[in-house]
Structures are given as structure tokens and as C-alpha cells.
Amino acid sequence: MPSVKPLATAAGALRARVCSGLRTRGGHGPNPFTTAGHQDRPNGYLFNRVPPPPGQSRKWEDWELPCYITSFFTIVILGVGLNAKPDLTLETWAHQEALKRLELESADAE
């Protein structure tokens, strides 16, 4: 059975190399993806936003109204546009072509 010591030594060397690379990369201080962050722990609210006191409404941010208006009009335009598009499927074309040929055959037979 192989010894565990070489595996532990390799893992330790790899860990030291990765950690030293995280500390020195960029030279602008600690990496924000590896630090703990600004808050001690999550507070249990959606997006960590504390709800306003009772009786007060939440103030909209400056990007929300244009985003909601644009989203609404996008849905309306897509809904109308996709319902009004012409039917260009192969089956529809083949059905119309078959009806034309049957009509020509019935006209020639008479």
C-alpha cells in the first residue's frame, strides 16, 4: 500500500503555491472574492435590503422605472409581433400547393 506522506507533501506544496498567488496577484490589496466581505452574516432579507418601517413605502431607485417600462413594452411588442407573423412553415406551403393542384385537376376533369 502506498504511503500517504508524499500525497500530503504534494497537497501542502500546492496549497502554498495557490495561497501565495492569491496574496500577490494584482498588488492592490486583498482579493474581494476571497475576503469575508462587509457584513458579518446574511440578515435573512432578499438582497440584504432591510424592509422600510411600517407605514412607509420603499423609495424606487433611478434605474427601476425605465427598466420596468422597457420590459413592459418589450413584452407587448413581442406578444403582438409573434402572433402576427406570417405562417411560413413547410407544411402550410405544401397544404396550399396540394389544394391548388387538386383544384386544377378538378377543373381539367370538367
Side-chain angles (χ1 to χ4, degrees):
M1 178 167 220
S3 174
V4 180
K5 183 135 174 95
L7 185 61
T9 306
L14 182 63
R15 189 177 308 115
R17 180 172 286 241
V18 168
C19 289
S20 69
L22 287 175
R23 276 184 264 132
T24 60
R25 186 176 300 143
H28 301 293
N31 187 348
F33 297 109
T34 58
T35 56
H38 300 293
Q39 209 171 18
D40 292 337
R41 60 183 179 80
N43 60 10
Y45 297 112
L46 182 64
F47 306 124
N48 284 337
R49 298 178 83 185
V50 180
Q56 291 183 359
S57 63
R58 185 181 67 82
K59 186 176 181 302
W60 279 25
E61 295 185 19
D62 58 349
W63 60 268
E64 286 182 292
L65 184 62
C67 181
Y68 295 150
I69 290 172
T70 305
S71 300
F72 172 75
F73 282 123
T74 301
I75 290 170
V76 169
I77 289 170
L78 283 174
V80 170
L82 290 176
N83 282 325
K85 71 176 184 173
D87 187 11
L88 300 175
T89 60
L90 184 62
E91 290 83 9
T92 305
W93 174 82
H95 180 73
Q96 291 171 349
E97 196 68 25
L99 289 176
K100 286 179 191 175
R101 290 181 184 181
L102 283 174
E103 201 173 284
L104 285 175
E105 284 179 9
S106 65
D108 288 341
E110 292 177 355

Residues clustering with Leu99 (ILVMFWY side chains joined when closer than 4.5 Å, directly or via others)
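Via sub-4.5 Å side-chain contacts, Leu99 links to none.
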
All pairs passing side chain to side chain donor-acceptor pair (under 3.5 Å) where residues 60-69 contributes a residue, at least two apart:
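Passing the test, one end in residues 60-69: Arg49-Glu61, Arg58-Glu64, Glu61-Trp63, Glu64-Tyr68.
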
Is Phe73 linked to Leu82 within one hydrophobic cluster, defined over Ile, Leu, Val, Met, Phe, Trp and Tyr using a side-chain heavy-atom separation of less than 4.5 Å?
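No; Leu82 is not reachable from Phe73 via cluster members.
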
State yes or no: do Val80 and Leu88 share one hydrophobic cluster built from I, L, V, M, F, W and Y residues joined by side-chain heavy-atom distances below 4.5 Å, directly or via other members?
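No, Val80 does not connect to Leu88 through the hydrophobic network.
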
Pro52 and Ser57: which non-hydrogen atoms are nearest, and at how many Å?
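What the structure gives for the nearest pair is CG-C, 4.3 Å.
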
So, applying side chain to side chain contact (heavy atoms under 4.5 Å, CB included) with Phe72, which one of Val76, Thr74, Thr70 is it?
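That would be Val76; it is the only one of Val76, Thr74, Thr70 passing the side chain to side chain contact (heavy atoms under 4.5 Å, CB included) with Phe72.
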
Just distance, no hydrogens or angles: give the donor-acceptor pairs under 3.5 Å from side chains in residues 89-98, sequence neighbours left out.
from	atom 1	to	atom 2	distance (Å)
Thr89	OG1	Asp87	OD1	3.3
Thr89	OG1	Thr92	N	3.4
Thr89	OG1	Thr92	OG1	2.8
Thr92	OG1	Asp87	OD2	2.7

